[in-house]
Amino acid sequence: MKANAIFGLTMEAVTILEHEILLFIQESVRADWLEGFMKAVTFLGNGGWFFIVLGIILAVYPKTRTCGFLVLAALAVDAVILNLGLKNLVQRVRPYDQFSDLILLVERQKDFSFPSGHSGCAFAAAGVLLLAPPTGKRAFGWGMLALAVTIGFSRLYVGVHFPTDVLAGAAIGFLSALAVVSLYRRRERRENKSPAPDVREQKNREKSGL
């Protein structure tokens, strides 16, 4: 009971601090000239459509096919953990439903707040492009990382997420990318270590005395 009470008080204090951060963004960062840009950026993460299309485009071309499939796999892992799992498990209420002084710039969201799905898919795609760059160079990956950070911030800007929602989504997305790339490379190493079929056949003949 005592531990639960301490945890509850801690989370309450964190939520109050996050509310102050969102108020600061609302009152000191928001500007008319920036609103359209932030809405456009946040739109890129709706349903992960931009990153799904990116993965499909990369998968079409032979030179970038592996990277494309890895992006799509990372997005799938992120969606299962985040959208199907943690959101429904934690069930955190959106900031605008908790604090009436927060002004929403986009439509009300239908799902729960924690973690941020937009941040998750953005960092999943950026993570793959950094860890397994399609052309061997990470310039594109760094650009996608910058976009992912901007998308994460846009979720705070438009008032639909707490900062910890965005941070958690980013972490889960990047870890999803890391897991997918690590599994792929492990499989690749195993295949490279395996002898060719004709070599295996020759070894079998030697063992049988043929």
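For reference, positions follow the sequence shown, starting with 1. Remember, it's a predicted structure, so these values are computed and weren't measured experimentally.
Among all heavy-atom pairs drawn from Phe50 and Leu147, the shortest one is CE2-CD2, 3.8 Å. Nearest heavy atom pair, residue Arg155 against residue Thr42, reads NH1-OG1, 2.7 Å. Here the closest heavy-atom approach between residue Leu58 and residue Gly68 is recorded as CB-CA, 3.5 Å. Residues Gln109 and Tyr96 share a closest heavy-atom pair of N-OH, 2.9 Å. Of all heavy-atom pairs spanning Cys121 and Gly45, the tightest one is SG-O, 4.1 Å. Between Leu105 and Lys39, the shortest heavy-atom contact is O-CE, 3.1 Å.
Expressed to the nearest 0.5 Å, how far CG of Asp165 lies from CZ of Phe114 amounts to 6.5 Å. Separation of atoms CD (Gln26) and OH (Tyr157) is listed at 10.5 Å; rounding is to 0.5 Å. Here the CZ atom belonging to Arg187 is positioned 15.0 Å from the OG atom belonging to Ser182, to the nearest 0.5 angstrom. Between Ile151 atom CD1 and Leu156 atom CG the span is 12.5 Å, to the nearest 0.5 Å. Between the CD1 atom of Ile25 and the CZ atom of Arg30 there is a distance of 8.5 Å, given to the nearest 0.5 Å. Atoms CG and CG, on Leu82 and Leu75 in that order, are 11.5 Å from each other to the nearest 0.5 Å.
Not a single donor-acceptor pair under 3.5 Å links the side chain of Lys87 to the backbone N or O of Asp111. With Glu20 contributing its side chain and Leu17 its backbone, the two residues share no donor-acceptor pair below 3.5 Å. Judged purely by atom type and a 3.5 angstrom limit, Thr150 uses its side chain to pair as donor or acceptor with the backbone of Ala146. Under a 3.5 Å cut-off, the side chain of His161 and the backbone N or O of Ser113 do form a donor-acceptor pair. With Ser116 contributing its side chain and Ser119 its backbone, the two residues share a donor-acceptor pair below 3.5 Å. Checking side-chain atoms of Asn192 against main-chain N and O of Glu188 turns up a donor-acceptor pair under 3.5 Å.
Leu175 and Leu89 fall within the same hydrophobic cluster, defined by Ile, Leu, Val, Met, Phe, Trp and Tyr side-chain heavy atoms under 4.5 Å apart, directly or through other members. Leu54 and Tyr61 fall within a single hydrophobic cluster, where Ile, Leu, Val, Met, Phe, Trp and Tyr side chains are chained together by heavy-atom contacts under 4.5 Å. Leu34 and Val149 are assigned to two separate hydrophobic clusters, defined by single-linkage of ILVMFWY side chains at heavy-atom distances under 4.5 Å. If you chain together hydrophobic residues whose side chains sit under 4.5 Å apart, Val53 and Phe140 fall into the same group. Follow the hydrophobic side-chain contacts under 4.5 Å out from Val80 and you never reach Leu178; the two are in separate clusters.
Between Arg108 and Arg94, every side-chain heavy-atom pair lies at or beyond the 4.5 Å cut-off. Between Ile172 and Leu86, the closest side-chain pair of non-hydrogen atoms falls below 4.5 Å. The shortest distance between side-chain heavy atoms of His19 and Leu102 falls below 4.5 Å. Within the 4.5 Å cutoff, the side chain of Leu145 has heavy atoms near those of the Phe123 side chain. The shortest side-chain heavy-atom distance between Arg65 and Val60 does not fall under the 4.5 Å cut-off. In this structure, the side chains of Tyr184 and Leu70 come closer than 4.5 Å at one or more pairs of heavy atoms. Two residues are said to be in side-chain contact when any heavy atoms from C-beta on lie closer than 4.5 Å; Val181 and Arg185 meet this criterion. Looking only at side-chain heavy atoms (C-beta outward), Leu104 and Val158 stay at 4.5 Å or farther from each other.
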- Message: Between Phe24 and Val29, does the side chain to side chain contact (heavy atoms under 4.5 Å, CB included) criterion hold? Intermediate values first, please.
- Response: CA-CA 7 Å; Phe24 173 78; Val29 180; 4.0 Å; yes

- Apply side chain to side chain contact (heavy atoms under 4.5 Å, CB included) to Arg189 and Arg186, showing your working. CA-CA 5 Å; Arg189 285 194 297 268; Arg186 183 180 298 178; 4.0 Å; yes

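Under 4.0 Å is where a charged nitrogen must lie from a carboxylate oxygen, and between Glu18 and Arg92 at least one such pair does.
Ring pair Phe43/Trp49 is tilted by interplanar angle, where 30° to 60° counts as tilted.
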Donor-acceptor list for residues 127-135 side chains, cut-off 3.5 Å, not counting sequence neighbours:
none

